[in-house]
Engineer: 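Got a structure here, written out as structure tokens. Questions coming.
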Protein chains: 2
Amino acid sequence: MNSSDLMHHFTVDCVVFGMDSHELNVLLVQREFEDPDNPGNIIKDYKFPGNFVSFSEDLDVAALRVLRELTGISDIYLEQFKTFGSLTRLSNPKDRAWLKTILPIELKRILTVAYFALIPIEKAKQENLSSRAFWFKISDLPTLPFDHPEILKSAQKAVLSKLYQDPVVYELLPEKFTLTQLQKSYEGIIGQSLDKRNFRKRVSNLPYLISLNQWQQNVAHKPAQLYRFSKNIYEQTKKDNLYFST
Amino acid sequence: MNSSDLMHHFTVDCVVFGMDSHELNVLLVQREFEDPDNPGNIIKDYKFPGNFVSFSEDLDVAALRVLRELTGISDIYLEQFKTFGSLTRLSNPKDRAWLKTILPIELKRILTVAYFALIPIEKAKQENLSSRAFWFKISDLPTLPFDHPEILKSAQKAVLSKLYQDPVVYELLPEKFTLTQLQKSYEGIIGQSLDKRNFRKRVSNLPYLISLNQWQQNVAHKPAQLYRFSKNIYEQTKKDNLYFST
DNA sequence: CCAAAAGTGTTCAACTTACACCCATGT
DNA sequence: ACATGGGTGTAAGTTGAACACTTTTGG
């Protein structure tokens with residue numbers, strides 16, 4: 001075994017979740033390449049934003065760079081959750097054909113360090129989104145290449161698991177939000193609907209959820225009160241929950 | 001940017017937790033090399049078992065192989081939790097000197113995919129442990145090289161977080177165990193002591209915790225009843241808890 | 001006046017917490 | 001007989017779950 005046998009290509013891939021008024025969405029970037037099975041035919045499909053990491057680049061920095069380059073988004077909550085290194089991740093000839101268009105050498109295996117990211121969709125839209133980046137409802141995603149379906153499942157679990165420990169839902173919401181928006185965000189991550197009265201009773205005990213003397217405007221129904229998340233109060237009052245799985 | 005700029009060395013590192021009758025322990029392997037600052041002097045210290053991964057090896061397989069080769073342990077619960085790729089992980093000259101003894105080239109950066117593992121200490125001892133592998137109490141660890149202190153902290157968090165979702169404590173216990181052993185295992189992971197009566201009331205509701213008609217023998221006190229964990233019953237009865245962080 | 005979403009309280013059951021003493025065994 | 005860890009119950013407080021109607025606004 002010599003040293004070059006021990007060298008590998010690495011990418012970072014980002015699963016970006018965005019919350020609109022109804023449900024969770026995922027940000028995908030379009031790839032466009034010639035179908036190797038059908039020359040002359042152009043395939044257009046979608047994948048998670050991801051790219052190679054250079055040898056002098058910190059992982060987290062690489063993830064932010066790749067996300068900025070491919071989507072235009074730069075101010076976002078980002079967290080590494082798992083590295084995927086199966087020997088079969090590149091087994092689809094279409095995926096290998098596409099890879100040749102971006103790195104024209106034969107690749108044996110690519111490890112990818114996967115990140116999840118959370119952002120309110122409107123904010124992402126303000127940060128002039130790349131013309132190649134598109135939001136998809138999580139309930140209606142196109143077929144994903146590589147092992148991206150597995151990465152997505154793993155990302156959803158990672159976000160849920162994170163929510164057990166930190167109120168990361170606030171990363172999905174704009175600065176001022178309604179309790180219904182908050183509830184929808186929880187529901188999107190948990191994957192279940194919650195009882196409105198019980199939900200409100202529960203969150204009304206959270207010291208870091210600050211009610212503002214402001215209400216929605218120009219809505220065709222009773223305007224909802226606006227709230228904000230106080231990171232300071234959260235940090236000061238959080239206690240480590242002690243529960244264990246049943 | 002050419003292709004070789006995009007290639008990296010990477011290793012797997014395993015943080016092996018073992019439970020003895022009192023507390024959590026961690027398995028370290030000794031490294032032995034000449035002090036670059038003081039030629040002729042031999043440094044002996046300890047690190048997590050870890051090694052390079054070859055280009056044709058699955059990640060999880062590599063972790064099991066490395067663990068077997070360096071410690072002798074082969075039947076163990078193992079789970080990937082994070083990849084460490086800081087540019088400064090190799091900044092200590094002593095660590096670079098040691099690396100040269102195992103791979104005699106100049107290395108720029110090594111990414112490491114970190115795993116945690118759980119095993120009952122006695123079981124590990126049966127699997128003829130390598131003479132270079134040693135158990136240390138988690139409350140009394142030697143100084144660790146590289147970024148291993150950070151990896152340890154992250155591993156402890158990962159195990160705790162896992163315990164929120166699955167009763168992985170049972171991986172630390174022998175097949176038959178007492179409620180006190182179970183409690184100590186929880187306490188070791190959680191890092192806090194628990195009330196005996198409340199603990200027992202709580203676990204007595206777990207359908208997958210099976211009491212045996214067997215008791216401890218040859219102990220200088222009232223013998224404790226033995227229990228076992230039923231993975232089957234756990235799988236059949238588990239429900240996804242719906243709680244969120246406060 | 002209609003549609004749409006906001007907002008609100010009670011009851012019952014389940015769970016959490018705090019807390020102290022006797023028991024069975026080996027030496 | 002003593003040292004060691006095993007084993008047990010209750011009361012008070014808190015939290016979780018189920019459940020339906022009125023309010024405010026824009027169109």
Side-chain angles (χ1 to χ4, degrees), chain A residues 19-23 163-164 167 173-174 176-188 190 192-207 209-228 237-246, chain B residues 19-23 163-164 167 173-174 176-188 190 192-207 209-228 237-246:
Chain A
M19 189 72 205
D20 64 20
S21 56
H22 297 292
E23 67 177 308
L163 186 59
Y164 287 164
L173 294 168
K176 300 172 182 180
F177 51 84
T178 68
L179 293 183
T180 299
Q181 284 178 292
L182 181 61
Q183 184 178 345
K184 295 263 184 215
S185 300
Y186 270 107
E187 290 173 341
I190 291 169
Q192 293 189 23
S193 53
L194 301 168
D195 178 90
K196 183 163 65 160
R197 276 181 289 188
N198 291 336
F199 179 82
R200 283 162 185 252
K201 208 186 312 164
R202 179 159 192 173
V203 299
S204 72
N205 293 326
L206 302 178
L209 182 62
I210 315 287
S211 71
L212 304 170
N213 278 323
Q214 296 177 43
W215 280 261
Q216 278 183 317
Q217 289 189 342
N218 306 315
V219 285
H221 53 77
K222 179 171 173 179
Q225 190 170 12
L226 297 175
Y227 289 76
R228 68 177 182 86
T237 59
K238 77 173 161 187
K239 44 188 180 297
D240 295 328
N241 299 339
L242 275 192
Y243 41 79
F244 42 85
S245 179
T246 51
Chain B
M19 188 73 207
D20 64 21
S21 55
H22 297 292
E23 67 177 309
L163 186 60
Y164 287 164
L173 294 167
K176 300 172 183 181
F177 51 84
T178 67
L179 294 184
T180 300
Q181 285 178 290
L182 181 61
Q183 185 178 343
K184 295 262 185 216
S185 300
Y186 270 106
E187 290 173 341
I190 291 170
Q192 294 190 24
S193 53
L194 301 169
D195 177 89
K196 184 162 64 158
R197 277 182 288 189
N198 292 337
F199 180 82
R200 283 163 185 252
K201 207 184 316 164
R202 178 160 193 173
V203 297
S204 71
N205 294 326
L206 302 178
L209 182 63
I210 317 286
S211 71
L212 304 170
N213 278 322
Q214 296 177 41
W215 280 261
Q216 279 182 317
Q217 291 190 339
N218 307 315
V219 285
H221 54 77
K222 179 172 174 180
Q225 191 169 12
L226 298 175
Y227 290 76
R228 70 177 181 84
T237 59
K238 76 173 161 187
K239 45 189 179 298
D240 295 328
N241 299 339
L242 276 191
Y243 41 78
F244 41 85
S245 179
T246 52

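The chains referred to below are lettered A, B, ... by the order of the sequence lines, with proteins before strands, and numbering in each begins at 1.
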Engineer: Grab the CZ-P distance between A:F199 and D:dA18 for me, whole Å please.
Structural biologist: 16 Å

Engineer: Provide, to the nearest angstrom, the distance between the CD atom belonging to A:Q214 and the C1' atom belonging to C:dA6.
Structural biologist: 17 Å

Engineer: Does B:T180 have a side-chain nitrogen or oxygen under 4.0 Å from the phosphate oxygens OP1 or OP2 of D:dG5?
Structural biologist: no

Engineer: Which whole-number value in Å describes the distance from A:Y227 OH to C:dA6 C1'?
Structural biologist: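 It works out to 10 Å between those atoms.
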
Engineer: Looking across every strand, which nucleic acid part, if any, lies under 4.0 Å from B:T178 by heavy atom: base, sugar-phosphate, or nothing?
Structural biologist: nothing

Engineer: Quick one: pull up CD in A:Q181 and CE in A:M19 and give me the separation to the nearest 0.5 Å.
Structural biologist: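 With rounding to 0.5 Å, CD (A:Q181) is 8.0 Å from CE (A:M19).
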
Engineer: Roughly, in whole Å, what's the span from CZ in A:R200 to C1' in D:dG16?
Structural biologist: 18 Å

Engineer: Residues from residues 216-226 of chain A sitting under 4.0 Å of DNA chain D, heavy atoms only?
Structural biologist: A:V219, A:A220, A:H221, A:K222, A:P223

Engineer: Checking A:E23 now: which residues fulfil side-chain hydrogen bond (donor to acceptor under 3.5 Å, both in side chains) with it, not counting sequence neighbours?
Structural biologist: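 A:E23: side-chain hydrogen bond (donor to acceptor under 3.5 Å, both in side chains) contacts with A:S139.
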
Engineer: Rounded to whole angstroms, how far apart are CH2 on A:W215 and C1' on D:dT24?
Structural biologist: 13 Å

Engineer: Using the side chain to side chain contact (heavy atoms under 4.5 Å, CB included) criterion, which residues pair with B:L212? Sequence neighbours excluded.
Structural biologist: B:K176, B:Q214, B:L226, B:R228

Engineer: For the residue pair B:Y186 and B:F199, categorise the inter-ring angle as parallel (less than 30°), tilted (30 to 60°) or perpendicular (more than 60°).
Structural biologist: perpendicular

Engineer: Does B:R197 have any side-chain hydrogen bond (donor to acceptor under 3.5 Å, both in side chains) partners at least two apart in sequence or in another chain, and if so, which?
Structural biologist: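 B:R197: no side-chain hydrogen bond (donor to acceptor under 3.5 Å, both in side chains) contacts found.
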
Engineer: Could you tell me the separation between the NZ atom of A:K184 and the CG atom of A:L179, rounded to the nearest 0.5 Å?
Structural biologist: 13.0 Å

Engineer: Taking side-chain hydrogen bond (donor to acceptor under 3.5 Å, both in side chains) as the test, write out the residues that go with B:Q225, two or more places apart.
Structural biologist: none

Engineer: With sequence neighbours left out, write down each residue that passes side-chain hydrogen bond (donor to acceptor under 3.5 Å, both in side chains) with A:D195, or none if nothing qualifies.
Structural biologist: A:N198

Engineer: Quick one: does any side-chain atom of A:Q183 pair with a main-chain N or O of A:L194 as donor and acceptor, under 3.5 Å?
Structural biologist: yes

Engineer: Round to the nearest Å and state the distance from B:K196 atom NZ to D:dT10 atom P.
Structural biologist: 18 Å

Engineer: Just how far, in rounded Å, is C1' of D:dT4 from NZ of B:K184?
Structural biologist: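 Atom-to-atom, B:K184 to D:dT4, this comes out as 12 Å.
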
Engineer: I'd like a list of close polar pairs between nucleotides 10-15 of chain C and the protein, N/O only, cut-off under 3.5 Å.
Structural biologist:
from, atom 1, to, atom 2, distance (Å)
C:dT10, O4, A:K201, NZ, 3.0

Engineer: Take the protein atom CZ of B:R197 and the nucleotide atom C1' of C:dT17, then report the distance between them rounded to whole Å.
Structural biologist: 11 Å

